[in-house]
2 protein chains.
Amino acid sequence: MGASKLDIYNEETNTIAAIAKVFAHPARVAILQFISKQDACICNDIVDEIGLSQSTISQHLKVINDAGLLKGDFKGKSICYCLNVDRFKTFQNLFNSYFNTTQNNCCT
Amino acid sequence: MGASKLDIYNEETNTIAAIAKVFAHPARVAILQFISKQDACICNDIVDEIGLSQSTISQHLKVINDAGLLKGDFKGKSICYCLNVDRFKTFQNLFNSYFNTTQNNCCT
DNA sequence: TTTTATTATCGTAATATTGCAATATTACGA
DNA sequence: TCGTAATATTGCAATATTACGATAATAAAA
């Protein structure tokens with residue numbers, strides 16, 4: 001039983017949890033920070049910066065990319081990644097909505 | 001290699017990831033919402049509401065409690081849980097700080 | 001077309017997480 | 001003290017996640 005029973009929760013609940021899961025590993029937190037500071041950078045830059053292997057970084061990038069948080073274009077042989085700021089804001093808003101709703105319930 | 005290498009990241013990075021991990025399972029997201037609506041409730045109420053077994057709920061409650069998000073006092077044989085709203089706000093602020101910093105880096 | 005560089009994917013081992021049943025522990029009341 | 005109720009803990013199986021090396025796939029340049 002390592003798989004979560006997603007069907008017993010509503011859409012919003014699963015969404016919040018899915019978003020949180022993207023940030024639930026420090027490598028991905030650090031990668032996003034690093035990319036934002038460069039405005040744009042390539043996989044091997046991230047490998048040098050974070051200190052994990054290239055294949056691990058690529059896996060983490062896939063999680064982030066699948067979450068819609070990256071935009072990437074080829075620059076020569078490299079993919080140049082930058083943040084999808086709109087998506088970032090969307091996630092932030094969903095989180096704040098959850099946090100605010102939960103707190104406000106409590107203060108009535 | 002299932003364990004994350006936490007020593008290669010800085011304190012803030014690990015903190016954000018640790019907070020996100022608390023919310024990275026829908027049961028915990030739902031439990032917090034449910035508790036907030038009741039203002040206070042007991043383990044078996046949560047079992048009934050969420051639909052997982054008592055032992056599973058207890059495990060999820062432990063994760064939430066270890067994160068400092070709950071206050072609990074005995075009411076008879078039951079523990080009556082309510083939200084630690086201050087801690088909630090702290091987490092929210094840390095998240096927003098991370099989100100805002102990362103986005104602002106990008107918009108320079 | 002071949003070579004080189006870059007990144008993604010695959011396979012693997014180790015560890016973490018999830019859910020449940022069984023049971024231990026704790027908190028009362030009789 | 002015993003009985004009951006409530007919750008935590010333990011053990012287990014199944015699955016997910018993490019990191020890495022090897023290699024496949026992709027994008028140029030020669």
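Within every chain, numbering begins at 1; the chains are lettered A, B, ... in the order of the sequence lines, protein sequences first and strands thereafter.
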B:Gln59 CD to C:dT17 P, in whole Å, measures 11 Å
Answer for the Watson-Crick or wobble partner of D:dA27, both distances under 3.5 Å, is C:dT4
>> So, does B:Asn44 get its side chain near the phosphate of D:dT7, meaning an N or O under 4.0 Å from OP1 or OP2?
In response: yes
Review point. Are OP1 or OP2 of D:dA16 and a side-chain N or O of B:His25 less than 4.0 angstrom apart?
Key: no
If we only count heavy atoms from C-beta on, is the A:Phe23 to B:Phe99 side-chain gap below 4.5 Å? yes
Residue pair A:Lys77/B:Asp45 against DNA chain D: nearer the 5' end by closest nucleotide is B:Asp45
Considering only heavy side-chain atoms of A:Ile42, the closest of C:dT7, C:dG19, D:dA8 is C:dT7
| said: What's A:Ser4 touching, base or sugar-phosphate or nothing? Going by heavy atoms closer than 4.0 Å. | reply: sugar-phosphate
When B:Ser78 and A:Arg28 are each assigned the nearest nucleotide of DNA chain D, the 5'-most assignment goes to B:Ser78
Here the distance between atom C1' of C:dA8 and atom CD1 of A:Ile64, to the nearest Å, is 15 Å
Taking for B:Gly2 and for A:Ile8 the nucleotide of DNA chain C with the nearest heavy atom, the one nearer the 5' end belongs to B:Gly2
With the side chain defined as heavy atoms from C-beta on, B:His60 is closest, among C:dG19, C:dA16, C:dT7, to C:dG19
With the side chain defined as heavy atoms from C-beta on, A:Cys43 is closest, among C:dC20, C:dT7, D:dT7, to C:dT7
Heavy atoms of A:Arg28 and A:Lys21 approach each other most closely as NH2-O, 3.1 Å
Using OP1 and OP2 only, check whether a side-chain N or O of B:Lys5 sits under 4.0 Å from D:dC20. yes
Between NZ of A:Lys75 and C1' of D:dA29 the distance, given in whole Å, is 18 Å
Are A:Phe91 and B:Phe95 an aromatic pair, judged by ring center distance below 6.0 Å?
no
In whole angstroms, the gap separating P of D:dA19 from CD1 of A:Ile50 amounts to 11 Å
Between NZ of A:Lys62 and P of D:dA25 the distance, given in whole Å, is 16 Å
B:Asp73 CG to C:dT26 C1', in whole Å, measures 16 Å
Tell me if a side-chain donor or acceptor on B:Ser58 pairs with a main-chain N or O of B:Gln54 at a distance below 3.5 Å. no
### Query
For C:dT6, does either OP1 or OP2 sit under 4.0 Å from a side-chain N or O belonging to A:Tyr81?
no
What contact category does B:Lys21 fall into here, base, sugar-phosphate, or nothing, at under 4.0 angstrom with non-hydrogen atoms? sugar-phosphate
When rounded to whole Å, the CD to C1' distance for the pair B:Gln54 and D:dT7 reads 5 Å
Q | Heavy-atom donor-acceptor pair, A:Ser36 side chain to A:Gln33 backbone, under 3.5 Å | A | yes
Regarding the side chain of B:Ser58, the nearest nucleotide among D:dA27, C:dC20, D:dT7 is D:dT7
Considering every strand and a 4.0 Å limit on heavy-atom distances, what is the contact class for A:Thr56: base, sugar-phosphate, or nothing? base
Exercise. C:dA21 phosphate, OP1 or OP2: any side-chain N/O from B:Ser55 under 4.0 angstrom?
Worked result: no
Between CD1 of B:Ile79 and P of C:dA27 the distance, given in whole Å, is 8 Å
| Linking I/L/V/M/F/W/Y whenever any side-chain heavy atoms sit under 4.5 Å apart, do A:Val29 and A:Val63 land together? | no
D:dA16 -> Watson-Crick or G-U wobble partner, both distances under 3.5 Å, gives C:dT15
Using Watson-Crick geometry (N1-N3 plus N6-O4 or O6-N4) or G-U wobble (N1-O2, O6-N3), each under 3.5 Å, C:dA30 is paired with D:dT1
